[in-house]
Amino acid sequence: MSSKSIKNKLFLLLAMMGAIPFIATIIFIGWHNIMDLDQHAREDNWSRNVTIGEHLTQLEDRNLYVLRTLASTPVVKRYLQNPNPEDEATIRKILDNINDIFQDNNLTAVTDGNGQQRIRTDNNTKINMSSRKHFQEVMAGHDYISDIMVSMSNGQLVVVIATPVLDDQNRPIGLVHRNFYLNKVQKFIHDQNTNGSTIILTDRDNHVIASTDEDGAYASGTDLSQEVAQISEKLDGDRGIVRLDLKDEDCIAAYSRDKVTGWGILTITPYSVINSAVSSVLSKGFILGLVIMLFVNLIAYMLAARISRPLLEINKMASNIVKGKTNNDILPEISNDELGDISQALTEIQSIHESLLNEGKRDDLTGLYNRISMEEFCRRKLREYDEPESLGLISIYLVDLDNFHEVNKDKGQEYGDRLLHEYARKLKDCFRSNDCVGRLEADKFIVILDRQPHMDIVVKKAKLINEMTRNFTMDDKNIGLTASVGVAVAPHNGKTYHHLFHAADLALRSVKEQGRDGYKLADELEA
């Protein structure tokens, strides 16, 4: 074997040790970013749906409140029963004030029980509305928001919001109604949009009435009945988030319906946007990785040269002996120090490689710290703990959901995962931002607190966990969840992580044996 071959093989071996973590890191970064961006897209889409839904509700409530107030005024009732100029003048002043409230000049009108408009704020020709659907609905005695119509005065899309005027016997004698133009809704939707996503508002018949894609596949007037049916089938309902193909494109879609108007709200993010963002992150990571790889390869080359030097000297002398040369230089002394150098060099390389590894410290499902992170946190706090100068107690809470397995079995794993995710969030909200909350496994959680001034606070926190669990709800329903809590405190129950964990676990088992749904301090077991 030539001296060059020995050196090259050592170099390739060391270079591969740098390449494998680099490749693994790139794969992990790509996978992790896809998961994060997918979840972010789902949350962002649903957040915009909720924001638009709340905006529509506010507009509806505001208009209906003003119209109901107007309809209940004595002068309006009196005027519809006995029209006269004096009352008409009073009503017109009120209507002018309404325009000032809304800061617009939208039409507001008063119509009698025969469908004949009596007063219009725009002073245009009064029409008979008896054949209009919103007139017929309101005269049945309830509020109504009409379907989308085209305004005869300006050609814009408009919705009529109307409420009945009732006499002293609660019988409809007319109505007050107000036009609401969709251009403001369109502007609001555009303000909520971000690059790459599309927000769509549809009417009761699933036709697009407002969209951020006015010149594309979701322009105004487009019939989305097929797409809505496809989404509803995937959701098994009329609200939620789903991933599916829409118009031959892989998308994440959030869908909901406004309860009053029946309008659909649809936010679509193509998966190509997520992939593009991941590609951007990977490109930056790849460039950084190449720089690190070049640095690692340089070190590998230098180490290969140093490690192979004694072997090259031996190889050289052996070659000279075979060739019959007798004037060989004396070999340098090869001692255990050479092996020590190799070990040290490999350790240095491994140290560099370890800087590329990004060991996850959080639980994927709940986002809380995992078992290893919690143990490291506790050990660090115990090392810092100096009893004579202590600023307080260190306490460990082990929390076990009593009947989670039954819920998971009845409702399914997907529901159980969502329950654990939501419970983790509620559990974290029970503590300070600098407190450490983690998940051990399945339905078992751990909380580590330091600087607790006295035992009363420790007990109060245990009670808070029990109370929060009893009041825990999913989909606005209390599912009857309870928790067993075991508590251990340093230095009373030990000064090492294993001692404290064992003491808290014994307390937890005692709670379960005594009927669950409670807490117990490790001190109480010793008593």
Side-chain angles (χ1 to χ4, degrees), residues 37-66 102-104 106 143-149 156-161 178-232 234-235 237-244 246-247 249 251-271 273-274 475-476:
L37 290 172
D38 180 284
Q39 182 64 26
H40 176 74
R42 291 172 181 268
E43 293 174 354
D44 192 46
N45 283 9
W46 187 249
S47 175
R48 279 180 279 179
N49 269 40
V50 171
T51 300
I52 294 169
E54 289 176 348
H55 180 71
L56 290 176
T57 300
Q58 290 175 0
L59 292 175
E60 295 156 5
D61 290 347
R62 190 180 180 195
N63 278 274
L64 284 172
Y65 175 78
V66 172
F102 287 100
Q103 296 182 343
D104 60 30
N106 292 359
D143 301 326
Y144 187 71
I145 299 178
S146 75
D147 293 324
I148 309 300
M149 299 184 296
Q156 294 186 27
L157 293 179
V158 66
V159 173
V160 178
I161 303 177
R178 194 168 194 277
N179 286 0
F180 175 74
Y181 293 101
L182 292 179
N183 54 353
K184 289 188 176 181
V185 175
Q186 176 81 349
K187 183 179 182 302
F188 183 83
I189 288 177
H190 274 280
D191 291 341
Q192 303 307 308
N193 196 34
T194 57
N195 292 335
S197 296
T198 302
I199 302 177
I200 304 161
L201 189 65
T202 64
D203 61 16
R204 293 181 176 97
D205 297 323
N206 299 319
H207 288 84
V208 177
I209 56 177
S211 169
T212 57
D213 184 32
E214 284 295 337
D215 299 324
Y218 301 103
S220 293
T222 303
D223 185 359
L224 296 185
S225 297
Q226 182 177 350
E227 286 78 6
V228 170
Q230 186 179 353
I231 293 171
S232 298
K234 284 273 189 178
L235 290 174
D238 60 357
R239 60 188 291 111
I241 307 170
V242 66
R243 179 177 176 180
L244 75 171
L246 287 177
K247 298 188 181 297
E249 188 170 25
C251 301
I252 292 175
Y255 183 71
S256 58
R257 275 196 179 272
D258 182 65
K259 293 181 180 179
V260 178
T261 62
W263 295 350
I265 306 170
L266 179 60
T267 303
I268 301 171
T269 299
Y271 227 78
V273 174
I274 296 175
D475 301 326
D476 297 326

Practice prompt. Tell me, with the steps shown, if Arg42 and Arg243 meet side-chain contact (heavy atoms from CB on, under 4.5 Å).
Written response: CA-CA 9 Å; Arg42 291 172 181 268; Arg243 179 177 176 180; 3.8 Å; yes
Worksheet item: Does the side chain to side chain donor-acceptor pair (under 3.5 Å) test come out yes or no for Asp213 and Ser211, once each step is laid out?
Response: CA-CA 5 Å; Asp213 184 32; Ser211 169; 5.3 Å; no
Discussion item. Run the side-chain contact (heavy atoms from CB on, under 4.5 Å) test on Ile145 and Phe180 for me, step by step, so that the C-alpha distance in whole Å, both residues' side-chain angles and the decisive distance to 0.1 Å come before the verdict.
Written reply: CA-CA 10 Å; Ile145 299 178; Phe180 175 74; over 6 Å; no
Practice prompt. Please step through side-chain contact (heavy atoms from CB on, under 4.5 Å) for the pair Thr269 and Arg48, ending with a clear verdict.
Written response: CA-CA 12 Å; Thr269 299; Arg48 279 180 279 179; 4.2 Å; yes
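The closest side-chain donor-acceptor pair between Asn49 and Ser256 falls under 3.5 angstrom.
Under the 3.5 Å distance criterion, the side-chain polar atoms of Thr57 are matched with a main-chain donor or acceptor of Gly53. No donor-acceptor pair under 3.5 Å is formed between the side chain of Asp258 and the backbone N or O of Trp263. Between the Asp205 side chain and the His207 main chain, no donor and acceptor come within less than 3.5 Å of each other.
Here the shortest heavy-atom pairing between Thr212 and His190 reads CA-CE1, 3.6 Å. Listed here is the closest heavy atom pair of Thr261 and Glu60: CG2-OE2, 3.0 Å. When all heavy atoms of Ile241 and Ala254 are compared, the pair lying nearest together is CG1-CB, 4.2 Å. Closest non-hydrogen pair, Asn45 versus Ile252, comes out as ND2-O, 3.1 Å. Taking all atoms of both residues into account, the shortest heavy-atom contact from Ser146 to Val159 is O-CG1, 3.6 Å. Closest heavy-atom contact between Val242 and Leu244: CG1-CD2, 3.7 Å.
Taken from CD in Glu249 to OG1 in Thr198, the straight-line distance is 8.5 Å, to the nearest 0.5 Å. Within the model, atoms CG of Leu182 and OG of Ser220 stand 9.0 Å from one another, a figure rounded to the nearest 0.5 Å. Summarising the geometry, atom CZ belonging to Arg257 is positioned 10.5 Å from atom CG belonging to Leu266; distances are rounded to the nearest 0.5 Å. Between Ile189 atom CD1 and Ile209 atom CD1 the span is 7.5 Å, to the nearest 0.5 Å. The distance from the CD1 atom of Ile199 to the CD1 atom of Ile52 is 4.0 Å, given to the nearest 0.5 Å. Considering CD1 of Ile268 and OH of Tyr218, their distance stands at 3.5 Å, rounded to 0.5 Å.
Using a 4.5 Å heavy-atom threshold, the side chains of Arg239 and Trp46 count as touching. When side chains are defined from C-beta on, Val185 counts as touching Leu59, because their heavy atoms get closer than 4.5 Å. When side chains are defined from C-beta on, Leu201 does not count as touching Phe188, because their heavy atoms never get closer than 4.5 Å. Val160 has its side chain within reach of Asn179: a pair of non-hydrogen atoms, C-beta onward, lies under 4.5 Å apart. When side chains are defined from C-beta on, Thr222 does not count as touching Glu227, because their heavy atoms never get closer than 4.5 Å.
Counting non-hydrogen atoms of neighbouring residues, nucleotides and ligands closer than 6.0 angstrom, the CG atom of Asp215 reaches no more than 12 such neighbours. Surrounding CD of Glu214 are more than 12 heavy atoms belonging to other residues, nucleotides or ligands, all under 6.0 Å away. Within 6.0 Å of NZ in Lys247 there are more than 12 heavy atoms belonging to other residues, nucleotides or ligands.
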